[in-house]
Amino acid sequence: MSSRRIPTNVIIIWIIFLTGILSNVPIQTAYGQNGVLKVGLDKDFAPFEWGHDGEVNGFDVDLMNYMAEDLNRSVEYYPLIWDEVLESVKNGTIDVLFATDTPERRVFFDFSLPILYSRWSIYVKENVFGITNILDLANHTVAVCNLYASHEYINETVPGAHLVLVNNVEIGIEMLYNGEVFAFFTDYYQANYYILQMVYTGLKVIGDPVIMGPFCLGVKKGNHELLSQLNVSLTNVKNSGNYDSIYEKWFGTEIEVDLPYPEIIKFFFPIILVLICGSGFLLLWNYSLKKSVHKKTQELTNTKDLLEERLIELKNNEQEIKESEEKYKKAFNRAEFYKDVFAHDINNVLQSILTGMQVSQLILDNPEKIENLKINAQVIKEQVIRGSKLVFNMRKLSQLEETKMKLKKIEILKILKNVISFVKKSYKDKNISIRVNSVGDKLFIKANNFLEDIFENILINAVRHNRNLIIEITVRISREQKKGINYLKIEFLDNGIGVDDTHKEKIFKRGYSEEKSIHGMGLGLSLVSGIIETYIGKIWVEDRVKGDRSKGSNFLLLIPEVD
Amino acid sequence: MIKIENVFIVDDEPSIQFFYEQVLTISGFKVAGIASNGIEAVSMFNSFSKKPKVILMDQRMPEMSGVEASKLILQIDSRTKIIFLSADDSVKEEALSIGAFTFLEKTFLIAKLIDAINRAIESYVV
């Protein structure tokens, strides 16, 4: 074994060997028919091997007995001092020894398969912690067997350790047990054996062991036959279970190596436990939160969907309300418009008729003015017609908004001439000049009987809103093409008072505007505008002389021409 | 009572002008003039050398309304008695507040008009 003493005085030992070995009586403990196997033993190397008073004992002896039985050979044991054993095997006087396989020894010996692995371990009291390997023994008091290889190893490896040299393992264990040293660095198997024998308690192995090498059977270099037999036998013994029972007998069960940082573990254990519990709790909480978030997300998604539905519903409702509001606003404006027409235009008509009737009655009492009766009757008749027309127009205006009227091909010049004649008759007291300049004699558009109302309204306005002694109106009819459509452009140019720029659009929207200041312009233009729209036409007003309102107006109509 | 006072007619409706003129003539008044809108009325009133005591004023007319024209006329001669004859009674308060003599809502009988003219003349401060 590597933990044996170093052979320091080879010559002396050699002399002793020469004089002693042959005088030693071998101890035969096993018998067999395949010849005798001579086994050298260290006479003082418990628990592996030792011999006193004609007896040999130890782990190696028990193992060899089983192997010899397996090999069917007798065994003779030679308990010698260790160096004698080595020399005896070298020179062939002894067949086998037990030793650690080292490169140095391989020069002289061949080694079998490992029996076990030699190792040095650190022994401490069980209340010692924090030693992970031999280097941690620096500054500690460490017992070590004097002149053993372990002594040399620790001396070189841990120079800072305070070494206490002891003569053998038993003393080292005792010192450790008594608390005289902090640790004992020694052979694992020897220490275990003594602890087992002495029933020491409260000791333990700590830190990493130092593995020395495989503990084997050694034969003289080149004795392959024997080595081969030994390997087979060793394997057989191990497989039979006998090896284990021998091992337990001598070394007991394995002493567990203490964990290197138990204090740290002890210190951190509650924290780790708390962390583990905390993590578990967090995981559970996280899971619960995830579940909750998922549930809430689902709820929110549902709510969002619901809100979107409601929003669409509200938007639809809003649209409906808007449309309804627009509809009612239009209806309100229309009602206001009709009310206005009745309150003003119809009342004026009625006032004319009423006054005319009463004046006529007065004339009957005043015969000198009897000639006026005829005129009065005519004016009253016109007013009745006017009133009737007003009502008719209102009804038609209402229809314009609700239905599309049927159109037919109409020649416009004929209609225009009739209207001019009517206007001139209506304003007999005024000096009216109406001229027509037309691009053709017969011009057709798609229209209806309202065309007459259009012309009449425009012309009457031109007469009424004129302060000149001679009212001059020119109707100019030309052709114009816009966006591929052929239009007839009908212009009514007058020398009247003109239309203010701010009213140029509003005058076509009477009754549909809240503007009061343009009242008095008559029902006509709003009706005209509505009718023109049904002809797919357009009406607007410009200054007759651009930029000078005082020179009169130009009412323009664009109506598609038909052949 | 000798009815020789001048009355000024302001109305944009030709048939009304025509009948008012006859009523006034038959009733013994003189027609000082006829205007068809507010601007024309102010202009004519301003040009009269002998200002008419009474004006028959319509409210709704092109260019300038009866109320606007009355304000200007009363600035020229605050003694002028303006009788509003209108189908639009919404301006009655405003017309009276600016100094109109009375407000007759269309439709009315001639007798009522003559009565109003007479009362206006009587109240006129020379």
Side-chain angles (χ1 to χ4, degrees), chain A residues 339-366 368-369 372-373 375-376 378-387 426-430 460-461 463-467 496-500 503 507 516-522, chain B residues 9-29 31 33-44 56-69 84-92 94 104-115:
Chain A
K339 193 176 89 181
D340 186 65
V341 169
F342 272 100
H344 183 260
D345 299 40
I346 299 285
N347 263 347
N348 266 342
V349 168
L350 292 174
Q351 186 64 55
S352 277
I353 295 167
L354 182 62
T355 310
M357 295 287 288
Q358 288 184 86
V359 165
S360 298
Q361 261 183 337
L362 288 172
I363 287 171
L364 287 174
D365 300 333
N366 195 353
E368 63 198 44
K369 297 213 173 186
N372 278 0
L373 276 179
I375 303 169
N376 287 359
Q378 182 61 28
V379 174
I380 289 166
K381 186 184 163 192
E382 282 172 8
Q383 288 304 306
V384 171
I385 293 168
R386 186 183 159 207
S426 299
Y427 292 90
K428 276 181 186 166
D429 57 326
K430 291 189 187 276
I460 286 175
N461 277 331
V463 173
R464 290 181 64 194
H465 303 284
N466 200 312
R467 295 182 212 140
I497 58 172
V499 179
D500 189 84
H503 288 164
I507 56 172
K516 293 276 186 186
S517 63
I518 58 165
H519 283 157
M521 297 294 283
Chain B
I9 300 169
V10 183
D11 201 305
D12 66 328
E13 179 56 48
S15 62
I16 297 268
Q17 293 171 0
F18 178 68
F19 288 129
Y20 283 176
E21 193 180 5
Q22 285 188 61
V23 167
L24 291 172
T25 310
I26 290 169
S27 303
F29 299 103
V31 176
I34 299 172
S36 296
N37 61 62
I39 289 176
E40 196 179 12
V42 176
S43 171
M44 284 176 73
L56 304 183
M57 180 72 79
D58 187 20
Q59 163 60 14
R60 289 194 187 181
M61 291 179 292
E63 296 195 78
M64 185 184 280
S65 70
V67 168
E68 293 304 314
F84 265 85
L85 308 169
S86 177
D88 183 7
D89 67 342
S90 65
V91 292
K92 186 177 177 179
E94 192 185 1
L104 296 186
E105 191 181 335
K106 290 175 182 174
T107 55
F108 51 82
L109 296 171
I110 289 176
K112 204 171 180 183
L113 176 64
I114 300 302
D115 177 58

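Throughout, a chain's letter reflects where its sequence line sits, starting with A, and its residues are numbered from 1.
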Minimum side-chain heavy-atom gap B:Ile26-A:Val359 below 4.5 Å: yes
Below 4.5 Å from any heavy atom of chain B, which atoms of [X] appear? Answer side chain, backbone, both or neither.
X        : answer
A:Leu354 : side chain
A:Asn376 : both
A:Ile346 : neither

Any donor-acceptor pair under 3.5 Å from A:Gln358 side chain to B:Ile110 backbone: yes
Hey, could you give me the CD1/CD distance between A:Ile497 and B:Glu40, rounded to the nearest 0.5 Å? 10.0 Å
From CZ (B:Phe19) to CD (A:Gln383), nearest 0.5 Å: 7.0 Å
Side chain to side chain contact (heavy atoms under 4.5 Å, CB included) between A:Asn348 and B:Lys106, worked out: CA-CA 7 Å; A:Asn348 266 342; B:Lys106 290 175 182 174; 2.5 Å; yes
Which atoms form the tightest heavy-atom contact between B:Pro14 and A:Tyr427, and what is the distance? CG-CE2, 3.3 Å
Which heavy-atom pair separates B:Phe108 from A:Gln351 by the least distance, and what is that distance? N-OE1, 2.9 Å
Is the number of heavy atoms from other residues, nucleotides or ligands within 6.0 Å of CE (A:Met357) greater than 12? no
By a 4.5 Å heavy-atom criterion (distance strictly below it), what part of [X] contacts chain A: side chain, backbone, both, or neither?
X       : answer
B:Ser15 : both
B:Asn37 : side chain
B:Leu85 : neither

